[in-house]
Amino acid sequence: MAASLHLAAPAARAPRPTSLPGRQTCQHKPRAPAVSRQTAPQCWSTPRQRLVSSSASSPPAAQATGSINARAATGNDAAAAAAACASLEVDHSSSDAQQQAAPSSQQDLQQDAAAPASARASSSSSSSSSLEEQPPEGGQPPVAALAAARGVGVTPATAPLPSAVVPVEAAQAATEAAGAAVASAGAGVLGMPDPSAERSTDFRDPWSSLMRWSRYFRSRETNDALDRLEKVVVFGGGSFGTAMAVTLARQKSELQVTLLLRDPYLCKDINELHCNTRYLKDFTLPPNVSATTSPREAILGAQFAIHAVPVQHTRVFLEGIKELVPPSLPIISVSKGIEVSTGQLMSEVVPSVLGKKQRTVYISGPSFANEVMSGRLTCVVAASRDKSLARTVQRLFASPAMRVNTTTDVIGVEICGSLKNVLAIAAGIVEGLELGPNAMAALVSQGCAEIRWLATKMGGKTATISGLSGLGDIMLTCYGSLSRNRTVGVRLGRGEKLSDILASSSQVAEGVATAEVVVNLAHKYRVQMPVLTAVAQVVDGHLTARQAVFEIMNLPQIEER
């Protein structure tokens with residue numbers, strides 16, 4: 001049952017609310033409504049607002065209705081508040097019986113309506129807390145005008161007002177329906193136009209600008225380095241060395257790409273079957289890829305050399321061919337790791353054998369050989385202190401399937417490329433022990449922090465650790481099922497012996513050898529690396545995989561850093 005509103009005037013009352021004779025509309029401004037600045041509804045003055053401000057002196061039914069109106073006008077749902085302003089009006093002139101029931105209040109309303117407009121305006125402006133706005137010319141509030149223009153069925157504020165306050169349930173239903181109608185018509189807050197069209201334009205603008213810049217940049221770029229390239233030699237015939245050789249061979253069909261191998265049988269398979277039958281037997285090599293066991297034949301006439309020999313064998317290999325390598329031959333190293341006997345990075349091993357004048361660039365990043373061979377999208381980083389050489393290598397390998405970023409942070413790239421293999425063994429151990437995703441995420445994040453601590457101590461940049469050659473390569477190696485180092489860790493976690501694991505694998509897991517160097521680096525640079533040094537303990541046989549996890553979890557609780 002609808003609760004009727006009693007408008008009996010109190011004996012001593014605050015300044016009386018303004019009104020209109022006859023029909024009540026939302027066209028006039030109240031005198032200092034008791035609404036705070038934060039919760040003042042952004043709609044035109046109605047008797048509903050005046051009932052909210054005087055609810056303390058009203059009967060319980062009026063107070064209940066006032067609380068509904070107050071909640072609708074809090075600003076949390078502007079469309080619902082605007083609809084409430086239009087749907088909860090009171091028509092004091094539609095029933096003579098109601099005029100008799102509240103004679104005192106009706107007389108007050110009429111006296112207020114007879115007051116000059118200037119007096120009402122000055123009285124209203126005296127209160128600094130009033131946020132109501134005057135309606136536009138024409139007398140129609142923006143909400144109703146906008147709804148009428150868009151064909152929305154919202155009750156205008158100038159319609160005949162109901163003879164009694166609507167029940168609570170009906171008021172809430174009307175508020176929700178009107179708010180939904182306004183929202184469906186595209187009205188924004190306070191009936192303003194919906195900015196979705198502007199937003200969609202804003203979203204397109206940055207992308208369009210980026211595409212224009214890209215087209216302009218490509219139109220001015222010339223790949224003269226690839227045009228002048230005639231021969232490339234690849235040291236080693238492993239999976240990734242072969243994949244990088246194929247990448248260049250696909251760039252230019254006239255380019256001669258020669259693999260320098262030790263195994264004559266594998267060399268014969270590549271030349272006759274056009275297939276690396278040991279490491280990539282599921283792929284066919286381009287016809288301009290060949291192999292030889294003769295260093296002189298392979299190096300003669302080469303303009304670039306891709307070094308893909310495992311790190312632990314690099315020094316011996318380079319010592320055997322250094323007399324044939326001219327100082328002008330740039331070396332592109334794709335080997336990742338740290339030499340165990342000396343603790344040196346590849347950026348230190350290569351110059352120590354070939355001389356400091358040998359121009360070198362180091363490629364690293366998330367790149368499985370199988371996916372590179374399949375032509376899947378891949379992004380890597382070319383690091384060199386020689387910016388010109390890095391840009392040249394970038395142009396050689398860049399293609400629709402491969403992006404190559406450049407950097408001068410050689411140390412950061414190499415440290416990340418080396419230690420991520422050790423972290424991948426730890427991730428594999430967690431997988432083998434079936435410790436779950438929570439433990440995996442905690443371990444990888446801790447390992448990333450340890451790599452960052454050491455890399456920055458050695459002179460690397462934090463931006464490199466969070467980039468492709470850092471975090472990107474770590475994610476691929478720790479979570480990718482094709483990772484050799486992760487596979488070693490999984491088998492260790494399941495209880496297999498390291499010697500059996502290495503004997504059954506045809507490829508080198510660099511993380512096993514690098515783990516031995518981590519302990520020395522941590523001691524040398526005074527960095528605490530519990531996860532990575534624990535891998536070294538497991539690899540050396542001092543701890544089982546489960547014992548290592550138990551010891552790490554029982555370390556003292558520390559502050560995040």
Side-chain angles (χ1 to χ4, degrees), residues 221-226 228-229 231-236 240-241 243-245 247-248 251 257 299 302-311 314-315 317-318 322 325-339 344-367 372 378-399 402-420 451 455-456 458-473 510:
E221 188 179 32
T222 58
N223 199 349
D224 53 346
L226 186 61
R228 296 194 305 266
L229 193 62
K231 182 179 179 180
V232 174
V233 59
V234 180
F235 299 153
F240 197 70
M244 297 303 283
T247 300
L248 283 180
Q251 294 280 74
V257 182
I299 298 173
Q303 295 161 285
F304 281 91
I306 299 177
H307 181 86
V309 178
V311 174
T314 291
R315 187 177 294 275
F317 174 81
L318 292 179
K322 67 178 182 179
V325 178
S328 60
L329 180 64
I331 305 295
I332 304 173
S333 175
V334 297
S335 302
K336 303 175 184 178
I338 303 175
E339 191 176 41
Q344 291 182 341
L345 300 170
M346 283 296 297
S347 58
E348 299 169 308
V349 175
V350 174
S352 67
V353 178
L354 299 180
K356 294 184 178 180
K357 294 183 179 181
Q358 200 78 37
R359 302 173 69 199
T360 55
V361 61
Y362 305 89
I363 291 182
S364 185
S367 50
V372 174
T378 304
C379 300
V380 295
V381 176
S384 178
R385 298 180 181 90
D386 187 337
K387 293 183 178 181
S388 176
L389 178 61
R391 286 193 295 267
T392 300
V393 172
Q394 181 184 51
R395 290 193 292 268
L396 289 179
F397 286 94
S399 70
M402 178 173 287
R403 286 187 58 84
V404 183
N405 295 347
T406 62
T407 181
T408 58
D409 185 15
V410 175
I411 293 179
V413 168
E414 286 210 87
I415 286 295
C416 292
S418 302
L419 298 191
K420 59 95 179 179
I451 293 175
T456 52
M458 296 179 66
K461 300 177 182 178
T462 55
T464 303
I465 287 82
S466 60
L468 272 175
S469 59
L471 185 59
D473 211 358
E510 290 283 359

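Below, all heavy atoms of this structure are taken into account, side chains as well, without hydrogens, waters or symmetry copies.
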Notebook entry, point to check: Which atoms form the tightest heavy-atom contact between Gly472 and Pro366, and what is the distance?
Noted result: O-CB, 3.5 Å
Note to self: Strictly by salt bridge (charged side-chain N to carboxylate O under 4.0 Å, His left out), give each pair with a member in residues 387-399 just once, sequence neighbours left out.
What the structure shows: none
Checklist line | Minimum heavy-atom distance between Gly241 and Ala308, given as atom pair plus value | finding: CA-CB, 3.5 Å
Item checked: 4.5 Å side-chain heavy-atom contact, Pro330 and Val361 -> no
Next item on the list: Show your reasoning for whether side chain to side chain donor-acceptor pair (under 3.5 Å) applies to Arg228 and Gln303.
Entry: CA-CA 9 Å; Arg228 296 194 305 266; Gln303 295 161 285; over 6 Å; no
Next item on the list: Dump the intermediate steps for side-chain contact (heavy atoms from CB on, under 4.5 Å) on Gln344 and Arg315, then the final yes or no.
Entry: CA-CA 11 Å; Gln344 291 182 341; Arg315 187 177 294 275; 2.9 Å; yes
Check: Does any non-hydrogen side-chain atom of Ser333 lie less than 4.5 Å from one of Ile363?
Finding: no
Next item on the list: Mind listing the closest non-hydrogen atom pair of Ser469 and Cys416 along with its distance?
Entry: O-CB, 3.3 Å
Notebook entry, point to check: Could you walk me through whether Leu396 and Leu248 pass the side-chain contact (heavy atoms from CB on, under 4.5 Å) check?
Noted result: CA-CA 7 Å; Leu396 289 179; Leu248 283 180; 4.1 Å; yes
Check: Asp473 and Gly417: which non-hydrogen atoms are nearest, and at how many Å?
Finding: OD2-CA, 4.5 Å
Margin query: Nearest 0.5 angstrom please: Leu389 CG to Ser384 OG, how far?
Written below: 4.5 Å
Next item on the list: Among Val233, Ile332, Val257, find the residue that satisfies the side chain to side chain contact (heavy atoms under 4.5 Å, CB included) test when tested with Phe304.
Entry: Ile332
Notebook entry, point to check: When rounded to the nearest 0.5 angstrom, what distance separates OG in Ser328 from CD in Gln358?
Noted result: 8.0 Å
Next item on the list: Heavy atoms only: give me the nearest Ser367-Thr378 pair and the separation to one decimal.
Entry: CB-CG2, 3.7 Å
Margin query: Measuring only between side-chain heavy atoms, which start at C-beta, is Ile411 closer than 4.5 Å to Val413?
Written below: no
Margin query: Quick check for you: to the nearest 0.5 Å, what is the distance between Ile451 atom CD1 and Thr456 atom OG1?
Written below: 11.5 Å
Next item on the list: Indicate the atoms forming the closest heavy-atom contact of Ala382 with Val404, along with that distance.
Entry: CB-CG1, 3.9 Å
Margin query: Considering only residues two or more places apart or on different chains, which pairs with a residue in residues 403-415 satisfy side chain to side chain donor-acceptor pair (under 3.5 Å)?
Written below: Ser347-Glu414, Asp409-Thr464
Margin query: Strictly below 4.0 Å, N to O, side chains only: are Lys336 and Glu510 in salt-bridge contact?
Written below: no
Notebook entry, point to check: Is there a side-chain contact between Tyr362 and Val334, using heavy atoms and a 4.5 Å cut-off?
Noted result: no
Check: Quick one: are Met346 and Ile338 in side-chain contact, heavy atoms under 4.5 Å?
Finding: no
Notebook entry, point to check: What's the verdict on side-chain contact (heavy atoms from CB on, under 4.5 Å) for Phe235 and Ile306, showing C-alpha distance, side-chain angles and the deciding distance?
Noted result: CA-CA 6 Å; Phe235 299 153; Ile306 299 177; over 6 Å; no
Next item on the list: With rounding to the nearest 0.5 Å, note down the distance linking CG in Leu354 to CD1 in Ile331.
Entry: 6.0 Å
Item checked: Val349 and Leu345, any side-chain heavy atoms less than 4.5 Å apart -> no
Notebook entry, point to check: Do the side chains of Ile415 and Met458 get nearer than 4.5 Å, heavy atoms only?
Noted result: yes
Check: Can you check side-chain contact (heavy atoms from CB on, under 4.5 Å) on His307 and Val234, steps first, answer last?
Finding: CA-CA 6 Å; His307 181 86; Val234 180; over 6 Å; no
Next item on the list: Could you check if a side-chain atom of Pro326 sits within less than 4.5 angstrom of a side-chain atom of Ile299, using non-hydrogen atoms only?
Entry: yes
Notebook entry, point to check: Looking at CG of Leu226 and CZ of Phe397, how far apart are the two atoms once the value is rounded to the nearest 0.5 Å?
Noted result: 10.5 Å
